[in-house]
Amino acid sequence: TAEALRQRTVAKEEGEEEQDSEINLQQYPMEARLSVLSEDANASWKLLSLRVRCSPKTGESDHQLGMNKKQMFDLHRIGERAMIVEEAICRKANEAMKNTTTTTKIKDENAMEMDEEKTTETASTPLIPRPLLRLFEVTHAFSLSLQLEMLSSQAEALRRGAWGGAARVPGVKETLGDGIAVSPAYFFDSENDNSNESDENNPAPIAVMAVHFWHCDDRYGSPRVGDIVCSDEDTTNSEKVDSSSNRGPGPGQRHDNNFLPASDKKGKERLSLCIRAVPMVGLVVSLSGSNAESDMTTESHHLKRNADKLLSSIQNPFQLSMSDALLAATVLCAERRCHAVVDALNRTKASHLPPWIHLEVECGSITVAGSISYQHFSPNTRPPTVLFRLACDSRSGRFVPTFHRSISILRRLACNDPSTSDIQLVSNVAMASARQAQGNMFTKKVGERESTGRLVRDAFDALSRSMDTLGRKCGVGGLWNESDDLSSKSLREKSVDQSVDQTWASLITCSGIAAVFGVAGIALKISSGVDPVIDMAGSIITDEANANLIRVPPLSVPLRQKIVEKRVKEGDGEMKTKSEMQSELFAVSAKATTASLELVCFDILTTKKSASSIPMRLKCVSINQLEGIESSEVDAARPAKRVKLSSESKCQHILLEAEFATQWIDAVLGL
């Protein structure tokens with residue numbers, strides 16, 4: 001700063017006003033001005049001014065933790081006192097060494113006639129005082145404490161606000177979860193605290209705080225907390241990072257090595273983001289499931305970018321932001337949780353998951369892909385098709401199903417949107433009106449049938465619940481603090497296998513639903529030129545020849561419709577003419593088994609007695625023979641879509657699979 005001011009003054013004297021913008025008056029987290037008030041060689045340093053700066057990121061609050069004048073004055077006195085004590089100790093030690101001499105008698109065995117006693121005076125090396133180092137230690141410790149207090153206040157504000165969860169918004173626990181828990185900044189006295197043993201290479205922290213998020217099953221041990229290393233550091237620098245988290249816990253610490261007191265139980269059954277203030281090192285960031293010894297070159301760019309964002313949000317004293325740090329930490333844990341779940345499912349794939357299901361992890365979400373086969377149609381071997389994704393929510397850590405924008409039918413069915421099925425919407429309105437007119441005595445037998453939207457929503461909700469349970473048991477992968485070295489690992493694997501058994505059945509069902517309302521829905525619209533209709537083909541198909549059909553009504557398109565008049569005898573004996581609408585439909589469903597995922601088609605005849613009634617199925621016949629010519633090759637003249645060179649996915653887009661499904665439907669209908 002002094003050099004920049006000098007350059008500015010010289011530039012103004014020389015008339016170089018245009019160079020003023022190029023001079024940077026850089027601010028430093030710690031700034032001290034010192035001088036020597038004497039020409040004596042042993043003159044001591046005089047501290048003129050001392051200033052510590054730290055500030056939150058733009059948009060964040062410092063929560064009135066800025067230094068006031070009294071704090072600045074006290075810090076100045078403590079820093080000056082540390083310098084005086086250092087110089088006084090070294091001066092006293094040097095004076096004591098001057099008055100002490102050692103005499104060594106050396107005998108010369110090669111002397112012929114006389115023994116000579118040689119006395120040599122050897123003076124020890126004088127101690128060199130390091131007052132500037134002591135000033136830096138005091139100032140650095142104060143700066144770290146101030147930054148940690150500011151981050152702790154920001155975390156507490158997040159707990160009371162956006163990250164508060166269901167405690168702040170009653171009735172939405174399933175959406176927001178339980179929110180975060182904050183362990184405030186704890187400060188340690190290194191002289192009285194025996195639990196934080198330190199040495200020259202691994203200094204003990206002077207303070208620690210933690211933010212706990214997401215639920216985790218730690219019955220058999222908690223995920224190990226490891227330090228995060230910046231991705232642009234080389235191997236030499238990574239070896240110098242504080243490794244105090246690798247030491248065994250003391251009698252007053254938790255077993256997960258995050259240096260929190262034993263009385264702090266907020267991190268139980270949760271993942272933790274721990275921040276330690278280590279003298280002469282800085283703020284060390286630790287995260288559940290991280291490992292400082294891992295090679296950062298093997299991580300994806302997505303993880304490296306968020307790891308750098310997490311470190312910069314905490315370690316940059318002028319950009320302190322706990323919200324950015326917490327968001328980056330949840331993104332890292334989401335990626336690791338997805339990998340842990342996929343590894344658990346693939347570990348038992350031979351005995352549980354069917355061979356046609358393929359799982360991949362991509363940017364904090366699990367891609368569920370499947371190899372689809374078609375009834376009486378054998379196209380060429382193709383990569384698995386992306387059916388849907390399970391994204392890990394940053395707020396709660398739960399898995400949420402997401403769908404491509406081209407399959408809007410499935411997106412609306414998954415949330416049971418009433419506008420998806422016009423038939424069900426009109427029927428519900430008529431039923432509500434009749435119930436209001438006739439009171440509680442009104443019942444309707446056809447209303448007892450479940451709608452397609454509700455069945456699809458329940459299927460994906462069951463998949464989300466089973467994936468959430470599996471994710472809590474898998475944690476975020478990596479190492480664990482085993483509560484019992486002999487049995488914890490085996491018990492955890494057994495518990496994970498039990499959750500896998502409950503997950504694979506939901507995966508098969510939801511994959512079949514996605515194949516019908518996703519791939520087949522697009523193909524039906526392309527082949528017929530009209531939008532497929534929900535709930536028009538009646539209820540769930542129960543066919544002995546197709547026993548493995550998914551328990552969801554099929555998706556259909558109308559081929560022919562006509563009005564049929566019937567003569568019905570009334571109760572008084574009079575004959576009355578009633579009109580009904582009969583529809584001949586082409587419907588598609590799926591057989592999802594452990595062997596294959598196959599789309600099948602049906603010829604269905606339904607009738608409707610009124611505009612508000614639900615269609616009743618009169619005939620349902622499986623189409624066993626193709627009317628057209630079977631084709632197994634794609635038109636070579638159509639230009640292929642360019643594949644992203646950076647993509648490592650082994651799956652194909654759902655629109656590419658829709659082309660084969662369209663060929664299959666055209667062959668069945670003879671188009």
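Note that the numbering runs from 1 along the sequence shown for the chain.
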Hey, could you give me the CZ/CG distance between Arg492 and Asp218, rounded to the nearest 0.5 Å? 9.5 Å
I want to check something: taking the side chain as every heavy atom from C-beta on, are Ser451 and Arg454 in contact at a cut-off of under 4.5 Å? yes
Closest non-hydrogen atom pair between Phe388 and Ala514, with its separation: CD2-CB, 3.9 Å
With sequence neighbours left out, what residues match Lys525 under salt bridge (charged side-chain N to carboxylate O under 4.0 Å, His left out)? Asp531
Side-chain heavy-atom pair Asn416, Val456 within 4.5 angstrom cut-off: no
Does the side chain of Arg389 pick up a donor-acceptor pair with the side chain of Thr402 at under 3.5 Å? no
Backbone of Ser487 reached by a side-chain donor or acceptor of Ser490 within 3.5 Å: yes
Would you say the side chains of Ser483 and Ser488 form a donor-acceptor pair under 3.5 Å? yes
When rounded to the nearest 0.5 Å, the distance separating CG of Leu597 from CG of Leu599 is 6.0 Å
Do side-chain atoms of Arg270 reach the backbone of Cys216 as a donor and acceptor pair under 3.5 angstrom? no
Check whether any side-chain N or O of Lys309 sits under 3.5 Å from a backbone N or O of Ala328 as a donor-acceptor pair, and report yes or no. no
Has Asn346 got a side-chain atom pairing as donor or acceptor with Val342's backbone, closer than 3.5 angstrom? yes
Phe460 and Phe403: aromatic ring centres closer than 6.0 Å? yes
Side chain to side chain donor-acceptor pair (under 3.5 Å) between Gln502 and Ser466, worked out: CA-CA 7 Å; Gln502 301 172 1; Ser466 60; over 6 Å; no
Under 3.5 Å donor-acceptor, Thr330 side chain and Leu326 backbone: yes
Would you compute the distance between atom NE2 of His358 and atom OG of Ser511 and round it to the nearest 0.5 angstrom? 12.5 Å
Side-chain donor/acceptor of Glu360 to backbone N/O of Lys650, under 3.5 Å: yes
At their closest point, which heavy atom of Ala537 faces which heavy atom of Leu585, and how far apart are they? CA-CD1, 3.7 Å
Whether the side chain of Ser365 engages the backbone of Glu362 through a donor-acceptor N/O pair (distance < 3.5 Å, no angle test) should be reported. yes
Any side-chain heavy atom of Ile508 sitting closer than 4.5 Å to one from Pro354? yes
CD1 of Ile654 to CD1 of Ile522: how many Å apart, nearest 0.5 Å? 5.0 Å
Nearest-0.5 Å distance that lies between atom CZ in Arg382 and atom CD in Glu657: 4.0 Å
Test your reading of the model: is there a side-chain donor-acceptor pair from Trp480 to the backbone of Arg224, 3.5 Å cut-off? no
Is there a donor in the side chain of Gln652 and an acceptor in the side chain of Thr385, or the other way round, less than 3.5 Å apart? yes
From Leu559 atom CG to Phe586 atom CZ, the distance as rounded to the nearest 0.5 Å: 8.0 Å
Does one side chain, of Thr452 or Asp535, offer a donor that lies under 3.5 Å from an acceptor on the other? yes
Just to verify, what does Ser323 make a side chain to side chain donor-acceptor pair (under 3.5 Å) with, not counting sequence neighbours? Glu60, Ser321
Under a 4.0 Å N-O cut-off, is there an ion pair linking Asp393 with Arg395? no
Which atoms form the tightest heavy-atom contact between Ala344 and Val500, and what is the distance? O-CG2, 4.1 Å
Atom of Thr420, atom of Ile409 and distance for their closest heavy-atom approach: CG2-O, 4.3 Å
Is there a donor-acceptor pair closer than 3.5 Å between any side-chain N or O of Ser288 and the backbone N or O of Ser272? yes
Under 4.0 Å between a side-chain nitrogen and a carboxylate oxygen: does that hold for Arg472 and Glu269? no
Which heavy-atom pair separates Thr594 from Pro355 by the least distance, and what is that distance? O-CD, 3.2 Å
What is the minimum heavy-atom distance between Arg411 and His404, and which atoms define it? CD-O, 3.4 Å
